[in-house]
Amino acid sequence: MAQMRDISHGPAATEAPVDQPRLARPRRDQPFEPATDAKPLLLAHGGLLTVERLGTVAYQPAWELQDELAEQRRARRIGDRLLLVEHFPVYTIGRGGDEANLLATPQRLRELGAEFVRVDRGGDITFHGPGQIVAYPIVELRDPLDLRRYVRSLEEAVIATAAGFGVEAHREDGLVGVWVEGNRKLAAIGVRVRRGVTTHGLGLNVNTDLRWFAEMVPCGIADKEVTTLARELRHPVEMAAVEDRLTDELARIFGLVLAQGRSGPIGPADSSEQ
């Protein structure tokens, strides 16, 4: 039996690598291009995307699991992965984010039963909790890295998913994420890329209680609202159906083929996986 690891703490800090792949910086107005055989996005274009459905988990263990799987992906011990989770209530803030955007005091967080965690992704503050699907792609980008294209791919997958349920969503110029009618944010996106492999990802609001967002300035943007698929459709939406559609769209846009992994908490990767 494989020895289980301690996942009670966040990822340990490591020295900055010296072999970083090159980072492409396309123009902001460059049209979005989905992955194709002629212009792939990922190193393993045409390969498998293994989906792991972890259920409802605390934030810190999921963060550490991402970090571990990313190291295994860099070492070619595993292929590309997609983790799907629903978190217990947590507010996270990215590198360079302003903690003033968290309006709740420590006492208020305790009353709410919510955590606050500073993380190593890009972006400002966001909320994860019940009714929200969080997707963490652990994938390897091609060199030179096109981070903007990768983020746009995540946005495109959410836009296509929302359309499948009758909600018209879009990008908003100068902002990251997916929006409805220009002022209601449906999905937040924040990522990290280290030595070519991605961690963190997107949070899609499906049936989320919007009162959680009153405890912060979402993404540090004071003049915008937050929405959910349920609010736009005026009825609850089946989470499993949204998960399925989102995984299909991510695989399509990444240029990968879906492979279902295990459901529930997962341990160390099978050493035989290619």
Side-chain angles (χ1 to χ4, degrees), residues 1-24 35 37 39-55 57-85 92 94-95 117 119-122 134-151 153-154 157 189-202 247 250-251 253-274:
M1 178 181 295
Q3 183 178 0
M4 297 301 290
R5 67 206 181 283
D6 176 8
I7 59 172
S8 60
H9 302 287
T14 56
E15 293 184 2
V18 296
D19 57 342
Q20 288 278 10
R22 292 174 294 139
L23 181 66
D37 291 342
K39 191 170 182 181
L41 173 67
L42 304 184
L43 186 65
H45 180 81
L48 296 179
L49 178 64
T50 301
V51 181
E52 307 281 9
R53 301 173 189 264
L54 276 61
V57 297
Y59 187 84
Q60 289 275 10
W63 180 16
E64 182 168 344
L65 181 59
Q66 291 177 69
D67 191 66
E68 177 181 321
L69 293 176
E71 285 298 325
Q72 293 178 11
R73 182 70 187 96
R74 294 182 194 102
R76 305 295 192 273
R77 291 180 57 198
I78 63 171
D80 291 324
R81 291 282 188 98
L82 174 63
L83 307 183
L84 294 175
V85 307
T92 70
R95 302 185 307 269
V117 183
V119 296
D120 57 357
R121 61 165 171 78
V134 182
Y136 295 130
I138 314 296
V139 298
E140 186 164 6
L141 303 180
R142 294 183 73 87
D143 185 17
L145 305 184
D146 191 338
L147 182 56
R148 183 168 293 121
R149 186 179 177 211
Y150 173 67
V151 170
S153 295
L154 299 181
I189 293 174
V191 303
R192 184 190 186 205
V193 180
R194 179 172 176 264
R195 289 165 50 200
V197 175
T198 66
T199 52
H200 300 283
L202 66 91
T247 57
L250 284 168
I253 288 168
F254 287 161
L256 300 175
V257 178
L258 281 179
Q260 295 300 325
R262 291 162 291 184
S263 297
I266 60 176
D270 184 341
S271 59
S272 66
E273 181 180 348
Q274 298 298 318

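Throughout, residue positions are numbered sequentially from 1 according to the sequence presented.
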Report the C-alpha separation of Val191 and Leu154 in whole Å, then their side-chain angles, then the decisive distance to 0.1 Å, and conclude whether the side chain to side chain contact (heavy atoms under 4.5 Å, CB included) test is met.
CA-CA 10 Å; Val191 303; Leu154 299 181; 3.8 Å; yes

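A donor-acceptor pair under 3.5 Å links the side-chain atoms of Arg74 to the main chain of Arg194, judged by distance alone. Of the possible donor and acceptor atoms, none in the side chain of Glu140 sits under 3.5 Å from a partner among the backbone N and O of Ala44.
Side chain to side chain, Glu68 and Gln72 meet the donor-acceptor criterion of an N or O pair below 3.5 Å.
Here the straight-line distance linking atom NZ of Lys39 with atom CZ of Arg149 works out to 5.5 Å at 0.5 Å rounding. Interatomic distance, Ile138 CD1 to Glu71 CD, rounded to the nearest 0.5 Å: 11.0 Å. Atoms CG and CZ, on Leu69 and Arg77 in that order, are 9.5 Å from each other to the nearest 0.5 Å. To the nearest 0.5 angstrom, Arg73 atom CZ is 10.5 Å from Arg81 atom CZ. Of the inter-residue distances, the one linking Ser153 atom OG with Leu202 atom CG reads 11.5 Å to the nearest 0.5 angstrom. From Arg53, atom CZ reaches atom CG of Leu82 across 8.5 Å, with rounding to the nearest 0.5 Å.
Residues that satisfy the salt bridge (charged side-chain N to carboxylate O under 4.0 Å, His left out) test with Arg95, not counting sequence neighbours, are absent from this structure. Legend: residues meeting side chain to side chain contact (heavy atoms under 4.5 Å, CB included) with Leu42, ordered by chain and number and at least two apart, are Asp80, Val139, Leu141, Phe254, Leu256. With sequence neighbours excluded, no residue forms a side chain to side chain donor-acceptor pair (under 3.5 Å) with Thr199.
Between His200 and Trp63, the ring-plane angle classifies as tilted under the 30° and 60° cut-offs.
Residues Thr247 and Leu49 have side chains not in contact (no heavy-atom distance under 4.5 Å, counting atoms from C-beta outward).
Closest of all the heavy-atom pairs between Ala62 and Val57 is CB-CG2, 4.0 Å. Between Ile253 and Ala157, the closest heavy-atom pair is CD1-N, 3.3 Å. Smallest separation of non-hydrogen atoms from Thr198 and Pro137: OG1-O, 2.8 Å.
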